Amino acid sequence: MSAEERSRTDRYDATAIEPYWQGRWAELGLYDTDLADESKPKYYLLTMYPYPSGNLHIGHWYIMTPTDALARFHRMHGENVFLPIGFDSFGLPAENAAIKNKINPRDWTLKNIANMRGQVRSMGATFDWKSEVVTCDPAYYRWNQWIFLKFLEAGLAYRQSSPVDWCPNDGTLAREQVEGTDRHCWRCGTRVEKRLLDQWYLRTTKYADELLDFTGLEWPEPIKTMQTNWIGRSEGAEVVFTTAPDDHQPGGDELRVFTTRPDTLYGATFMVMSPEHALVPKLTHPSRKAEVEAYITATGKATEIERMSTEREKTGVFTGSYAINPVNGERTPIWIADYVLAGYGTGAIMAVPAHDERDFAFAQKFGLPIARVIAGPEVSDAEVETPLEAAYIAHGDADRMVNSGLHSGKPAKKGFADIVAQLEKEGRGKASVNYRLRDWLMSRQRYWGTPIPVVYCDKDGIVPVPADQLPVRLPETVDYAGSGSNPLNTDESFVNTTCPKCGGPARRETDTMDTFIDSSWYWFRYLSPQDATAPVDRAIEARWCPVDQYTGGAEHAVMHLLYSRFFTKAMADLGMAHEREPFKRLFNQGQILGADGERMSKSRGNVQDPDELVQRYGADTVRLFLMFMGPWDQGGPWSPTGIGGISRFLNRVWHVTLDPHGVDNGDPESGVLPAGQDAAAAEKVLRTAAHRTLRTVSEEYAGLRFNTMVAHLMELSNLLQRYRGTEIAGSAAWDEAIRLLVLMLAPAAPHIAEELWSRLAAARGEVWSSIHATGWPAVDESAAAQEEREVPVQVNGKLRDRVTVPIDMPEAELEALVLARPKVVAALEGKTPLKVIHAGGKLLNIVVR
RNA sequence: GGGCGAGUGGCGAAACGGCAGACGCGCCAGCCUUAGGAGCUGGUACCGGAAACGGUGUGCGGGUUCGAGUCCCGCCUCGCCCACCA
């Protein structure tokens with residue numbers, strides 16, 4: 001470095017240093033990972049890629065800069081670190097912006113990406129830009145299409161007509177995109193309606209059981225719990241009831257129900273079908289037709305409003321038909337009610353009001369019989385016939401069956417198994433497992449997404465687009481005149497095509513894919529973004545997957561993080577990848593809220609832009625401040641209060657490093673060793689502190705505890721400040737402490753560390769080499785060891801005294817010493833100690849009575 | 001209603017069952033300065049006391065323990081997720 005450059009700042013001037021080093025690092029290609037390099041252990045560090053909204057806000061910094069610190073930390077440990085980045089660039093905001101500004105979503109998106117690339121660079125993050133992935137690029141989304149075709153071939157993708165959640169603004173939604181009691185759209189907040197549509201699905205349910213298995217994954221417990229609950233496995237039985245003949249229909253239809261309590265089968269006093277159930281029209285007696293149809297219309301329309309009511313009173317109507325209970329031959333009335341969901345189980349239930357709260361409430365409201373068939377141990381045989389005041393749900397080992405024919409008197413658990421066996425034998429049912437998880441509804445009636453690569457031919461039906469004709473490209477010019485509706489529908493040049501099978505005229509599918517498809521496999525693509533033969537190079541994938549550490553928000557618990565696991569398993573089964581789990585270790589950082597405590601959003605006007613802070617303090621200060629705020633998984637409302645403390649800290653590091661002999665005027669003690677301490681003792685103190693800090697800070701980086709990591713660096717710099725200008729400043733111990741401080745700072749505040757490192761090298765007349773390519777220092781355990789320790793002394797658990805003793809003083813000696821201390825004697829009030837507890841060498845507790 | 005998580009100074013927060021409040025902000029005082037919204041030093045949980053020191057303190061009530069912010073039981077409050085899943 002030239003003298004001119006070196007003198008560019010005598011003060012710490014971040015705005016001069018940071019662009020300089022960012023340029024140097026890029027020039028040297030310091031962070032372009034060589035994926036083929038096997039000489040070092042691999043470390044795949046992934047952070048959730050951003051949506052190109054246009055501007056990087058403080059939340060992006062909160063996610064990315066600690067992740068970058070982790071990357072630098074691992075790199076200094078000699079690992080081959082891969083930290084890629086990309087843009088999740090399909091989706092509605094682009095389309096909405098396009099409609100508003102009458103431009104193409106592509107132009108809007110690409111402009112935003114260009115802008116955000118520069119902003120990301122200003123953080124000093126070590127992303128490997130060579131591997132960048134942009135999902136709206138045909139070179140990316142063609143592989144969405146390719147994978148989709150493989151799924152289609154394997155039966156993992158299918159088209160089906162079914163009632164879907166429909167948002168008037170955003171079209172169809174996946175189930176997890178519908179939120180709240182009032183069932184509103186996760187994006188625009190509009191109430192969601194039900195519509196019957198032909199839609200594309202992915203068979204996520206095929207992997208339901210495997211998705212419940214988290215073996216080997218280091219994921220936060222809450223996320224695993226959420227996914228487990230979302231998949232919602234329940235074991236029970238499917239039971240076949242048969243409809244009874246009557247004057248309007250011949251009967252004999254199978255009415256299948258799912259129950260988790262086959263042991264209560266004798267207590268089924270009525271049946272309930274969902275209003276959408278296929279048998280409803282047939283089973284509705286002519287005399288009840290008007291009432292039933294009115295109910296169906298009412299529930300279809302008013303569902304959301306009724307569900308808003310906290311009482312949630314049960315509603316329903318009798319169909320006029322009956323079904324025969326397979327175990328006791330009883331005729332049970334068939335009702336319809338909207339508390340039975342069409343999409344779960346078989347869409348119909350056997351109602352056992354005595355042992356289910358919802359059925360109980362329904363029976364009470366409509367005066368239906370309630371028959372107890374399970375009794376707890378506290379209920380005597382004589383009491384069994386007493387009417388229940390509430391449903392008896394408990395399912396303990398002591399429960400026994402009553403009023404259940406031959407099964408009466410059996411423990412309920414045995415009855416459960418016996419009834420299932422009996423049903424199976426008679427062909428009237430079977431053991432069955434149900435999941436709350438549904439198949440993934442992936443079609444969207446939108447322009448700005450990956451076209452689903454199929455065509456519809458009058459002759460050949462649904463025909464996949466052959467792989468060699470991929471990608472099916474989005475038309476570049478689209479008409480947004482009729483805003484809201486999918487412009488692909490009216491784009492004749494897109495829609496009209498020929499059938500790949502017969503060559504005749506055909507129409508393209510105009511639905512596009514849910515953007516969560518893009519993010520379900522993007523980390524694979526990072527590994528071989530240019531590969532023209534496969535979504536991912538299997539050899540590279542075998543070496544680099546799974547991702548070692550993934551960082552991102554917990555709001556993706558049951559969407560992105562579950563879809564990604566599904567994709568990985570499906571891709572493995574279809575031979576595209578080896579690994580069955582995408583992310584070995586997951587960390588959910590918290591969310592930075594606006595200053596008002598609300599989620600940051602443009603519409604609320606509480607979005608925090610880091611640019612002003614970066615200009616004033618520099619990127620390093622902002623990075624460190626975000627890490628220092630609190631535990632990374634916590635987040636919280638944004639406030640820049642306190643950033644001055646970080647700024648002061650870095651200035652202090654600057655001064656102790658570059659001006660060790662300076663003396664501070666305001667302090668008469670400055671430049672003088674503490675009373676009673678000679679140079680040797682002071683050096684020992686400094687060395688001990690430096691190595692102990694190194695040990696702690698190393699653990700804190702590895703454990704992602706950045707807030708306390710920064711605090712410990714502050715303590716060390718405060719200690720150095722104390723010794724600045726004294727006779728030990730510039731000694732070997734001093735220089736070592738400075739060197740360790742700068743090295744420990746390097747991952748978190750990379751620019752200032754690099755600048756100081758280069759100046760230290762220059763001062764020694766050495767050639768600069770990057771601090772980030774330097775090995776992480778090793779703790780000198782002999783230096784970190786202490787010769788003395790301070791022992792707090794308690795009497796009956798109350799702190800009364802402290803003594804400083806040699807570290808290796810035997811317990812008996814320590815005890816004698818402590819018991820002679822005046823404060824301890826006073827606290828004992830003449831009583832004799834019962835025992836003295838030496839708590840792991842940390843503290844002494846004297847117990848008296 | 002169910003599940004998960006969290007309640008500690010004026011504020012952000014620390015604390016393998018072992019000295020509660022590290023570190024930082026803010027505030028107070030002193031120093032240094034032509035000046036300072038710069039820098040340095042000290043103080044700062046609450047009550048009493050000039051101080052030494054004493055007492056009280058981690059949402060509330062119990063319990064286990066030599067010892068509980070931490071573990072167990074029951075409540076209260078807040079946040080997030082799921083909400084009629086048979």
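Note that the coordinates shown come from a computational prediction; the quantities given were computed from them, not determined experimentally. Residue numbers start from 1 in every chain, and the chains themselves are labelled A, B, ... in the order their sequence lines are given, proteins ahead of strands.
- Contacts classified as side chain to side chain donor-acceptor pair (under 3.5 Å) and involving residues 833-843 of chain A (residues at least two apart or in different chains) are given here: A/Glu815-A/His838.
- Residues of residues 706-714 of chain A having a heavy atom closer than 4.0 Å to RNA chain B, listed by number: A/Asn707, A/Thr708, A/Ala711, A/Met714.
- Of the residues listed (A/Phe362, A/Phe360, A/Phe241), the one engaging A/Phe270 in a ring-ring contact (aromatic ring centres under 6.0 Å, His included) is A/Phe362, and it is the only one.
- B/rA22 sits 13 Å from B/rG9 when the P atoms are compared, rounded to a whole Å.
- Under the rule for a salt bridge (Lys or Arg N to Asp or Glu O under 4.0 Å), A/Lys823 has no partner lying at least two apart in sequence or in another chain.
- Going from atom CG of A/Asn651 over to atom C1' of B/rC40 covers 13 Å, rounded to whole Å.
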Each nucleotide N or O in nucleotides 27-33 of chain B that has a protein N or O under 3.5 Å away: list the pair and distance.
unit_1	atom_1	unit_2	atom_2	d
B/rG30	N2	A/Gly666	O	3.4
B/rC31	O2'	A/Gly666	O	3.1

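- Separating the CD atom of A/Glu235 from the C1' atom of B/rA86 is a distance of 15 Å, rounded to the nearest angstrom.
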Detail all sub-3.5 Å separations between protein N/O atoms and N/O atoms belonging to nucleotides 65-68 of chain B.
unit_1	atom_1	unit_2	atom_2	d
B/rC66	O2'	A/Asn845	ND2	3.4
B/rC66	O2	A/Asn845	ND2	2.7

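- Using atom P as the reference point in both B/rC25 and B/rG18, the two lie 29 Å apart (nearest Å).
- When the P atom is compared between B/rG43 and B/rA51, the two are found 14 Å apart, to the nearest whole Å.
- Within the nucleic acid shown, A/Val352 has no heavy atom closer than 4.0 Å to any nucleic acid atom.
- Remark: P of B/rA86 and CG of A/Asp356 are 9 Å apart, rounded to the nearest angstrom.
- Contacts of residues 625-636 of chain A with RNA chain B (heavy atom under 4.0 Å): A/Phe628, A/Met629, A/Pro631, A/Gln634.
- Listed by chain and number, the residues in a salt bridge (Lys or Arg N to Asp or Glu O under 4.0 Å) with A/Arg789 amount to none (sequence neighbours excluded).
- In this structure, the nucleotide among B/rC82, B/rC84, B/rG55 sitting nearest to the side chain of A/Arg800 is B/rG55.
- Atom name P, nucleotides B/rC16 and B/rC82: the rounded distance is 33 Å, in whole Å.
- Residues satisfying the salt bridge (Lys or Arg N to Asp or Glu O under 4.0 Å) test with A/Arg565, not counting sequence neighbours, are A/Glu581.
- B/rA20 and B/rG67 are spaced 14 Å apart, taking the C1' atom of each and rounding to whole Å.
- Here B/rA86 is the nucleotide among B/rA86, B/rC81, B/rC84 with the atom lying nearest to any side-chain atom of A/Tyr344.
- One interatomic measurement links the two molecules: CD1 of A/Ile643 to P of B/rG12, which rounds to 18 Å at whole-angstrom precision.
- For the pair A/Lys224 NZ and B/rC4 P, the interatomic distance rounds to 15 Å; values are reported in whole Å.
- For the pair A/Glu715 CD and B/rC23 C1', the computed distance is 6 Å after rounding to whole Å.
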Extract all donor-acceptor atom pairs below 3.5 Å that involve side chains of residues 341-356 of chain A and protein atoms in other chains or at least two apart in sequence.
unit_1	atom_1	unit_2	atom_2	d
A/Tyr344	OH	A/Ser234	OG	2.9
A/Thr346	OG1	A/Arg256	O	2.7
A/Thr346	OG1	A/Ala348	N	3.4
A/Thr346	OG1	A/Ala348	O	3.2
A/His355	ND1	A/Tyr392	O	2.9
A/His355	NE2	A/Val373	N	3.0
A/His355	NE2	A/Ile374	N	3.1
A/Asp356	OD1	A/Arg358	N	2.9
A/Asp356	OD1	A/Arg358	NE	3.1
A/Asp356	OD1	A/Asp359	N	3.0
A/Asp356	OD2	A/Arg358	NH2	2.5

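- Base-pairing analysis of RNA chain B finds the following stems of at least three consecutive Watson-Crick or G-U pairs, with both pairing distances under 3.5 Å: B:1-7 with B:76-82, B:10-12 with B:23-25, B:26-31 with B:39-44, B:45-48 with B:53-56, B:59-63 with B:71-75.
- Among residues two or more places apart in sequence or in another chain, the side chain to side chain contact (heavy atoms under 4.5 Å, CB included) test is passed with A/Leu834 by A/Arg849.
- Look at the C1' atom in both B/rG48 and B/rA52: the space between them is 14 Å, to the nearest Å.
- Nearest to the side chain of A/Pro222, among B/rA86, B/rG18, B/rC4, sits B/rC4.
- In the set B/rC53, B/rC40, B/rG3, the nucleotide with an atom closest to the side chain of A/Thr225 is B/rG3.
- Checked against side chain to side chain donor-acceptor pair (under 3.5 Å), A/His712 has the following partners two or more places apart in sequence or in another chain: A/Glu700.
- In this structure, A/Ile393 places its CD1 atom 13 Å from P of B/rG2, rounding to the nearest Å.
- Taking atom P in both B/rC60 and B/rU41, the straight-line distance is 37 Å, to the nearest Å.
- In this structure, the CZ atom of A/Phe360 is 17 Å from the C1' atom of B/rA86, given to the nearest Å.
- The gap from the C1' atom of B/rC76 to that of B/rC28 amounts to 37 Å, rounded to the nearest Å.
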